[in-house]
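Below is one structure, written out as structure tokens; comments come after it.
So you know, we letter chains A, B, ... as the sequences are listed, proteins then strands, and number each from 1. The figures here come from the full heavy-atom set of this structure, side chains too, leaving out hydrogens, waters and symmetry mates.
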Amino acid sequence: MWRDKLDTSVTEKVISLAKKRGFYWQAYEIYGGVGGFYTLGPLGTRLKDNIIRVWRKIFLEPYEFIEIESPTIAPYIVFEASGHVGSFKDAMAECLKCGNKYRADHLLEEKGVKVSEATSLEILEKLLNEKNVSCPDCGSVSWKVSSFLTMFQTNIGPYKENVGFLRPETAQGMFVEFKQLYEINRARMPFGVAQIGKAYRNEISPRQGLIRLREFSQMELELFFDPLNDKCPYLDDVKDIRMNILDEEKVRNGDTLPHNVNAKEAVERGFVREEWLAFMMALSQKFLCTLGIRPEFQRFKAKLEGERAHYSAQTFDHEVLTGKFGWIEVAGHAYRQDYDLKSHSIKSRSSMEVVEELAQPIKVKKKLAYVDPSKVKRDFGDKSSEIFKLISSMKPFELAELLEKDGTIIANDIVIGKEYFIFKEVEETISTRKYIPHVIEPSFGIERIIHAVLEHSYNEKEDRVILSLKEEIAPYRYAVFPLVKRDGLDAKAKEIYLMLKIRGLSVIYDDDGSIGRRYARADEIGVCKAITVDYQTLEDNTVTVRDRDSWQQKRIAINTLL
RNA sequence: GCGAUCGUCGUCCAGUCUGGUCUAGGACACCAGCCUUCCAAGCUGGUAACCCGGGUUCAAAUCCCGGCGAUCGCACCA
């Protein structure tokens with residue numbers, strides 16, 4: 001069954017449940033609320049922690065990938081090197097008549113005027129006004145150009161000129177520390193580094209609740225690999241995971257019926273360029289399934305050339321179908337190539353290369369040139385010392401290369417020919433290869449996942465709400481209730497509650513109202529099992545355990561609860 | 001950011017057009033007590049709101065202006 005629509009009312013219901021029971025709500029409400037900022041409540045933070053735990057279990061633990069926590073503020077130069085200063089800064093053209101804003105470069109390109117990212121604001125404004133570019137909305141031809149930077153800017157220390165940015169992604173923290181991490185990880189390749197933390201984007205108009213935030217949480221993994229040896233050894237492990245993939249061709253043609261393939265087939269059939277990318281996509285699907293989102297509500301949608309981030313050679317959005325918001329992107333899987341490491345390497349002038357020891361050392365023949373001092377002295381006399389000085393600053397193989405190419409060496413206008421050198425050919429053994437690793441990056445937005453998971457866990461049964469959260473992520477697994485609050489049942493229930501709590505289980509206690517009301521309350525926040533203490537408990541130390549989804553009850557002995 | 005629509009207890013809704021009767025009402029939820037031997041039962045009581053600021057007026061939830069926020073559309077979403 002292939003569905004492309006969900007009941008839109010579920011979204012509203014989830015949002016109001018989230019607020020009512022404390023998963024999440026808009027922040028700063030006492031001051032009228034500020035767009036793009038949300039607070040996670042007590043249940044939301046537990047859910048988030050559990051989601052993160054599952055993610056680590058799926059993406060990091062089996063492969064011994066490592067995790068770091070880097071600062072959320074970085075100096076200007078970091079995002080200059082990464083390309084964010086350039087591509088996060090859009091030149092906005094504002095129509096002076098109707099006030100609508102457009103991307104200045106888009107408007108000009110429609111007129112056939114090519115501009116680059118480096119084109120200054122003044123020139124853009126001049127071009128727009130001179131070329132009579134008309135406003136798509138009102139037709140006016142007078143423009144004002146200004147830039148809008150979607151990164152939050154701040155100052156580091158007391159100096160205005162020392163600009164810093166709140167990171168728009170956690171990834172750069174891993175790239176700038178790459179060399180150190182590579183060493184710490186004992187130079188293993190391929191290897192993965194993850195970071196879980198906040199990122200900030202000053203969206204122009206954030207909407208849709210948790211879907212587009214100005215401050216949000218990411219779980220990102222940078223998988224570094226050798227582009228000449230890009231086999232992923234784990235493809236067989238994920239062969240049973242079949243993904244719905246809309247490749248570039250389908251997206252271009254507007255075809256929404258996806259291919260259904262596993263990672264290996266996705267690569268073989270040319271949908272996905274890199275094995276590691278396909279592998280991460282498969283893990284991503286496994287991850288969302290573990291969180292309770294069924295595969296038919298998931299798909300991977302390729303980003304077309306112009307839609308991709310500046311660093312990406314191929315990107316798939318991992319999307320989940322929701323009610324009101326339709327398909328939402330909960331993760332992006334990007335092939336970042338060596339874009340970031342290379343940029344940081346050039347900007348910082350520090351090496352980002354890794355060294356590979358070759359299995360078979362390669363023998364390379366090399367020509368070396370040595371000067372013949374006696375000939376030089378004989379023919380150049382007093383000027384010899386100058387010549388020796390120059391020549392000694394060069395290595396023998398460099399001299400040989402130059403002489404091969406030009407036939408002469410020129411030192412302070414003195415031309416020295418080949419005949420003053422003695423050539424030697426040596427065989428050198430090369431046992432290493434240096435390269436800048438390529439990167440596959442799965443990047444998850446936690447808040448979006450929280451929302452998607454809640455929508456897909458939301459059920460109604462006989463006018464009651466049941467949040468069928470998987471055991472792995474439910475904020476509480478157990479609830480303990482006394483059937484009634486007297487005759488010692490409450491004391492016994494509390495005893496059991498504490499026993500479970502001491503064992504580290506997530507458990508709540510509730511003795512308020514009727515037993516039915518408590519079951520209902522527990523169902524609504526996704527408590528998996530309700531343990532009820534009744535009169536029989538006092539006689540034979542058994543309790544009833546009620547399942548949240550089936551409402552079935554089983555009587556079991558207290559000592560088998562653990 | 002622009003345009004349209006909108007903003008009342010935690011939630012949903014009444015009241016706004018036609019200013020006074022609103023000390024802002026109801027339902028559900030929540031809290032306290034009673035009751036209660038398995039699925040939101042019942043009884044009693046309680047907490048709780050006119051988005052913010054300014055203006056008009058004898059009088060503003062109600063009319064006007066500004067701000068903030070929300071929804072939708074446009075644009076943006078690396």
Side-chain angles (χ1 to χ4, degrees), chain A residues 12-13 15-22 25-37 79 82-95 97-104 106-107 117 135-138 146 148-151 168-169 171 199 201-209 211-214 303 306-312 315 317 324 328-329 332 334 336 443 445 461-466 481-487 489 511-524 530-538 543-548 551-553 555:
Chain A
E12 301 292 350
K13 287 174 181 168
I15 291 171
S16 79
L17 176 68
K19 185 174 183 189
K20 179 177 162 198
R21 299 310 304 270
W25 58 85
Q26 189 174 29
Y28 308 117
E29 271 187 343
I30 61 163
Y31 290 108
V34 181
F37 296 99
F79 291 111
S82 69
H84 285 86
V85 170
S87 57
F88 266 63
K89 194 186 235 165
D90 290 331
M92 301 289 289
E94 185 182 352
C95 171
K97 190 168 166 222
C98 69
N100 273 357
K101 288 192 175 186
Y102 306 91
R103 290 266 300 262
H106 287 181
L107 288 173
E117 277 180 359
C135 172
D137 204 47
C138 72
S146 57
F148 183 77
L149 186 65
T150 38
M151 282 192 289
E169 58 170 8
R201 296 179 188 184
N202 202 0
E203 298 284 356
I204 298 172
S205 67
R207 281 178 191 174
Q208 306 180 315
I211 306 302
R212 262 176 85 190
L213 297 174
R214 291 192 165 117
K303 288 260 196 189
E307 307 172 324
R308 287 197 292 265
H310 56 279
Y311 46 71
S312 177
T315 300
D317 283 347
K324 198 173 150 192
I328 60 165
E329 174 197 350
R336 296 182 78 133
S443 169
K461 184 172 177 178
E462 295 169 20
D463 272 348
R464 285 167 39 170
V465 172
I466 301 171
F481 305 144
L483 185 59
V484 290
K485 195 170 40 170
R486 56 174 155 79
D487 302 332
L489 293 185
D511 62 11
D512 208 32
S514 71
I515 187 73
R517 181 179 290 263
R518 283 177 254 151
Y519 285 142
R521 264 200 298 259
D523 287 345
E524 202 176 55
I531 296 162
T532 301
V533 170
D534 56 15
Y535 286 96
Q536 198 180 326
T537 309
L538 301 179
V543 290
T544 63
V545 176
R546 168 192 177 272
D547 179 71
R548 173 193 65 201
W551 294 3
Q552 297 292 308
Q553 278 179 301
R555 180 167 286 279

What's the closest nucleotide to the [X] side chain, out of [options]?
X      : options             : result
A:I515 : B:C38, B:C76, B:U36 : B:C38
A:K485 : B:C38, B:U36, B:C39 : B:U36
A:K324 : B:C39, B:C72, B:U36 : B:C72

Take atom [atom1] of [X] and atom [atom2] of [N], then tell me their distance rounded to the nearest Å.
X      : N     : atom1 : atom2 : result
A:K461 : B:A40 : NZ    : P     : 12 Å
A:R555 : B:U37 : CZ    : P     : 16 Å
A:E462 : B:A40 : CD    : C1'   : 12 Å
A:L17  : B:C30 : CG    : P     : 13 Å
A:H84  : B:C77 : NE2   : P     : 14 Å
A:D487 : B:C35 : CG    : C1'   : 13 Å
A:R214 : B:C77 : CZ    : P     : 15 Å
A:R518 : B:C38 : CZ    : P     : 12 Å

By the 4.0 Å heavy-atom rule, please label [X] as base, sugar-phosphate, or nothing.
X      : result
A:S16  : nothing
A:T544 : base
A:K19  : sugar-phosphate
A:Q26  : sugar-phosphate
A:D523 : nothing
A:A309 : sugar-phosphate

Salt-bridge present ([X], [Y]; N to O < 4.0 Å):
X      : Y      : value
A:R212 : A:E203 : yes
A:E169 : A:R201 : no
A:E29  : A:K19  : yes

Checklist outcome for this item: By nearest-heavy-atom nucleotide on RNA chain B, the more 5' of A:D534 and A:Y31 is A:D534
Next on the checklist: Assuming nearest nucleotide by heavy-atom distance, tell me which of A:R308 and A:R521 is located more 5' along RNA chain B.
Outcome noted: A:R521
Could you give the distance separating [M] and [N] at their [atom1] atoms, to the nearest angstrom?
N     : M     : atom1 : answer
B:C6  : B:A14 : P     : 14 Å
B:C17 : B:U62 : P     : 9 Å
B:C50 : B:G25 : C1'   : 13 Å
B:A24 : B:C9  : P     : 14 Å
B:A48 : B:C28 : C1'   : 14 Å
B:G20 : B:G15 : C1'   : 14 Å
B:G1  : B:A49 : C1'   : 32 Å
B:C13 : B:C65 : P     : 26 Å

At less than 4.0 Å, is any side-chain N or O atom of [X] found next to OP1 or OP2 of [N]? Yes or no.
X      : N     : value
A:R517 : B:C28 : no
A:S514 : B:A41 : yes
A:R486 : B:U37 : yes

With hydrogens left out and only the distance checked, is there a donor-acceptor pair under 3.5 Å joining [X]'s side chain and the base of [N]?
X      : N     : value
A:R212 : B:C76 : yes
A:E203 : B:C77 : no
A:R546 : B:C39 : yes
A:Y519 : B:C38 : yes

Next on the checklist: Between A:D317 and A:R308, does the salt bridge (Lys or Arg N to Asp or Glu O under 4.0 Å) criterion hold? Intermediate values first, please.
Outcome noted: CA-CA 10 Å; A:D317 283 347; A:R308 287 197 292 265; over 6 Å; no
Checklist outcome for this item: From the list A:R21, A:R546, A:R548, salt bridge (charged side-chain N to carboxylate O under 4.0 Å, His left out) partner of A:D523 resolves to A:R546
Next on the checklist: Are the side chains of A:W25 and A:I15 in contact, using a 4.5 Å heavy-atom criterion?
Outcome noted: no
Checklist entry - A:R214 versus A:N202: any side-chain heavy-atom pair under 4.5 Å? => result yes
Next on the checklist: Counting neighbours of OH on A:Y28 that are heavy atoms of other residues, nucleotides or ligands and sit closer than 6.0 Å, is the number greater than 12?
Outcome noted: no
Item to check | Per-nucleotide pairing state of RNA chain B [Watson-Crick or G-U, under 3.5 Å; [ ] pseudoknot-crossing; | other strand] | outcome: (((((((..((((......[....)))).(((((.......)))))....(((((..]....))))))))))))....
Checklist entry - In a check of side chain to side chain contact (heavy atoms under 4.5 Å, CB included) between A:L489 and each of A:D511, A:T532, A:L538, which one passes? => result A:L538
Next on the checklist: Let's go through A:Y311 and A:S82 carefully: what are the C-alpha distance in whole Å and the side-chain angles of both, what is the deciding distance for side-chain hydrogen bond (donor to acceptor under 3.5 Å, both in side chains) to 0.1 Å, and is it a yes or a no?
Outcome noted: CA-CA 8 Å; A:Y311 46 71; A:S82 69; over 6 Å; no
